[in-house]
Amino acid sequence: MSNEEKDTKITINEKEEEEYQRSCMRKISRIVVLILIGLLATCYYIFVVELCIFTVQLLEAKVTFLVIFHLLFLLCVWCYLRTVMMPPVVPPEKFRPSETDKQLYLSDERPQVLQEILIRMAKDLHIKKAVRYCTTCHVIKPDRCHHCPVCNVCILKLDHHCGFLNNCVGFSNYKFFLLAVMYGVLLCIFTSAVSLYCSILFWTHQLPNSSSKVPIIVLFSLTTFFAIMLFRLFLDHFELALRNITDREDSDNTEEFNPYNLGFSKNLREVFGNEKKYWFLPIFSSLGDGFSFPMGEATMDIEKNAANVPKPVSENQN
């Protein structure tokens with residue numbers, strides 16, 4: 001067997017191994033999503049049936065608890081399903097080079113020549129940062145676009161791939177993700193507080209022991225744990241949204257400043273939109289198209305100053 005055939009065989013085996021790993025991760029993510037839905041259904045049953053119907057005695061308290069719980073529960077589930085079911089947005093067709101340009105790029109290995117080819121192909125795409133090419137999707141990556149190894153596709157403004165969603169969080173569903181986490185925190189805090197109140201009544205013998213006592217204590221333990229975890233997650237991502245930076249950019253960031261930072265107010269509007277009446281609803285209202293983004297004042301000042309810097313004598317003479 002020749003060396004070329006051996007290299008080809010190794011490449012094929014590597015691709016098959018990568019595809020097998022992606023398939024396994026997608027299957028595991030589906031199982032995780034089903035487990036989460038099962039936990040939501042269990043908590044719903046315990047709160048509505050065991051706590052509100054069988055344990056709470058005052059009618060006014062039952063109605064109040066049920067109304068608040070169902071409002072938060074429906075908003076949380078609605079946002080979660082929008083995040084899970086929203087397909088990630090890929091670069092539009094104009095970022096896909098022609099077959100001639102693609103073959104020209106793949107036929108060369110010199111970094112300088114490859115960069116020149118990319119710059120020529122991207123001259124009309126208004127890419128403000130470094131021009132990048134994905135050899136898997138065969139597209140020129142727009143700014144803030146990254147390739148997801150699990151979904152095996154380039155995604156606009158990729159934040160991260162979430163195993164609890166079996167989906168990527170990016171430009172198309174980042175708002176839904178933030179809302180799902182926020183409503184999840186509020187739902188868990190409310191459920192935890194009410195179940196703790198009923199647990200204290202059981203422990204102080206103000207309520208007679210019943211079969212609902214153990215499920216209510218379990219409900220308190222679960223919701224308290226998830227409230228802490230989701231609150232931490234919400235704080236992390238809300239801080240990223242305030243800075244107008246993705247989780248991927250934050251972990252890979254090597255620059256001194258964030259060029260997309262427009263200030264807290266404008267950064268939030270980039271995610272939630274200009275219409276405040278839609279901010280807390282799982283309705284897509286994010287600004288932009290996902291592949292072009294406004295730059296902050298600091299970036300514009302730096303570019304202006306760079307343009308005004310006098311060239312070296314050798315360059316002027318040339």
Side-chain angles (χ1 to χ4, degrees), residues 32-33 35-53 55-56 58 60-86 159-160 162-167 169 173-201 215-243 247 264-265 267-273 275-286:
V32 171
V33 170
I35 292 174
L36 284 177
I37 293 174
L39 283 174
L40 279 172
T42 302
C43 292
Y44 180 89
Y45 168 79
I46 295 174
F47 187 90
V48 173
V49 179
E50 298 289 346
L51 192 150
C52 288
I53 297 178
T55 304
V56 178
L58 292 176
E60 294 83 357
K62 285 185 179 183
V63 173
T64 302
F65 290 162
L66 287 172
V67 169
I68 297 175
F69 176 81
H70 279 94
L71 178 63
L72 294 175
F73 184 84
L74 290 175
L75 285 171
C76 179
V77 172
W78 188 8
C79 294
Y80 177 77
L81 291 178
R82 286 300 308 266
T83 311
V84 172
M85 300 175 67
M86 178 65 70
D159 188 86
H160 68 284
C162 183
F164 295 99
L165 301 171
N166 191 30
N167 197 8
V169 177
N173 59 356
Y174 189 65
K175 175 192 173 183
F176 307 145
F177 170 76
L178 280 179
L179 290 179
V181 176
M182 182 189 73
Y183 287 126
V185 172
L186 295 177
L187 177 64
C188 288
I189 291 175
F190 174 76
T191 307
S192 176
V194 175
S195 57
L196 175 62
Y197 169 73
C198 292
S199 299
I200 292 174
L201 294 181
I216 290 175
I217 295 175
V218 171
L219 178 66
F220 166 71
S221 303
L222 283 174
T223 52
T224 302
F225 172 77
F226 281 109
I228 295 172
M229 300 299 292
L230 290 175
F231 183 67
R232 174 65 185 275
L233 180 65
F234 177 75
L235 285 182
D236 290 342
H237 278 277
F238 188 71
E239 187 262 341
L240 293 176
L242 285 175
R243 293 162 50 202
D247 185 59
F264 290 163
S265 177
N267 290 342
L268 285 180
R269 288 204 296 269
E270 285 286 306
V271 177
F272 295 99
E275 298 288 339
K276 293 184 178 180
K277 60 184 177 181
Y278 298 128
W279 276 23
F280 300 103
L281 295 176
I283 300 172
F284 183 81
S285 57
S286 300

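Numbering of residues begins at 1 and proceeds along the displayed sequence. Predicted, not measured: the structure shown is a model, and the values here were computed from it.
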*For side chain to side chain contact (heavy atoms under 4.5 Å, CB included), just list the numbers for Tyr183 and Phe280, CA-CA rounded to whole Å, side-chain angles, deciding distance to a tenth of an Å, and then say yes or no.*
CA-CA 9 Å; Tyr183 287 126; Phe280 300 103; 3.3 Å; yes

Examine distances only and state if a side-chain atom of [X] and a backbone atom of [Y] form a donor-acceptor pair shorter than 3.5 Å.
X	Y	value
Thr223	Phe220	yes
Lys175	Phe284	no
Thr191	Cys188	no
Arg82	Pro282	yes
Asn173	Val84	no
Ser286	Phe272	no

List the atom of [X], the atom of [Y], and the distance in Å for their closest heavy-atom pair.
X	Y	value
Phe226	Leu39	CZ-CD1, 3.9 Å
Ser192	Thr224	OG-OG1, 2.7 Å
Ile46	Pro215	CG2-O, 3.5 Å
Leu178	Ala241	CD1-CB, 4.1 Å
Val169	Cys162	CG2-CB, 4.4 Å

Close side-chain approach of [X] and [Y], heavy atoms under 4.5 Å:
X	Y	value
Met86	Phe177	no
Val48	Leu66	yes
Leu242	Asn267	no
Phe231	Val181	no
Thr83	Asn167	no
Lys62	Leu58	no
Met85	Tyr80	no

Which distance, rounded to the nearest 0.5 Å, do you find between the [atom1] of [X] and the [atom2] of [Y]?
X	Y	atom1	atom2	answer
His237	Asp247	NE2	CG	5.0 Å
Ser195	Ile216	OG	CD1	8.0 Å
Ser221	Leu196	OG	CG	10.0 Å
Phe164	Leu233	CZ	CG	9.5 Å
Leu75	Leu281	CG	CG	7.5 Å
His70	Cys52	NE2	SG	8.5 Å

*What do you reckon, is CZ of Phe234 surrounded by more than 12 foreign heavy atoms closer than 6.0 Å?*
yes

*Verdict with supporting geometry, Val194 and Leu51, side chain to side chain contact (heavy atoms under 4.5 Å, CB included)*: CA-CA 9 Å; Val194 175; Leu51 192 150; 3.7 Å; yes

*Start with the C-alpha gap between Phe176 and Trp78, add the side-chain angles, then the distance that decides, and say whether side chain to side chain contact (heavy atoms under 4.5 Å, CB included) holds.*
CA-CA 9 Å; Phe176 307 145; Trp78 188 8; over 6 Å; no

*Anything under 30° is parallel, anything over 60° is perpendicular, the rest tilted; go ahead and classify Phe47 against Phe69.*
parallel

_Among Leu235, Leu186, Val185, exactly one meets side chain to side chain contact (heavy atoms under 4.5 Å, CB included) together with Leu230. Which residue is that?_
Val185

*Can you list the steps and then say if Tyr44 with Phe73 is a ring-ring contact (aromatic ring centres under 6.0 Å, His included)?*
CA-CA 8 Å; Tyr44 180 89; Phe73 184 84; 5.0 Å; yes

*side chain to side chain contact (heavy atoms under 4.5 Å, CB included) between Tyr197 and Leu201: does it pass, once the steps are laid out?*
CA-CA 6 Å; Tyr197 169 73; Leu201 294 181; 3.6 Å; yes

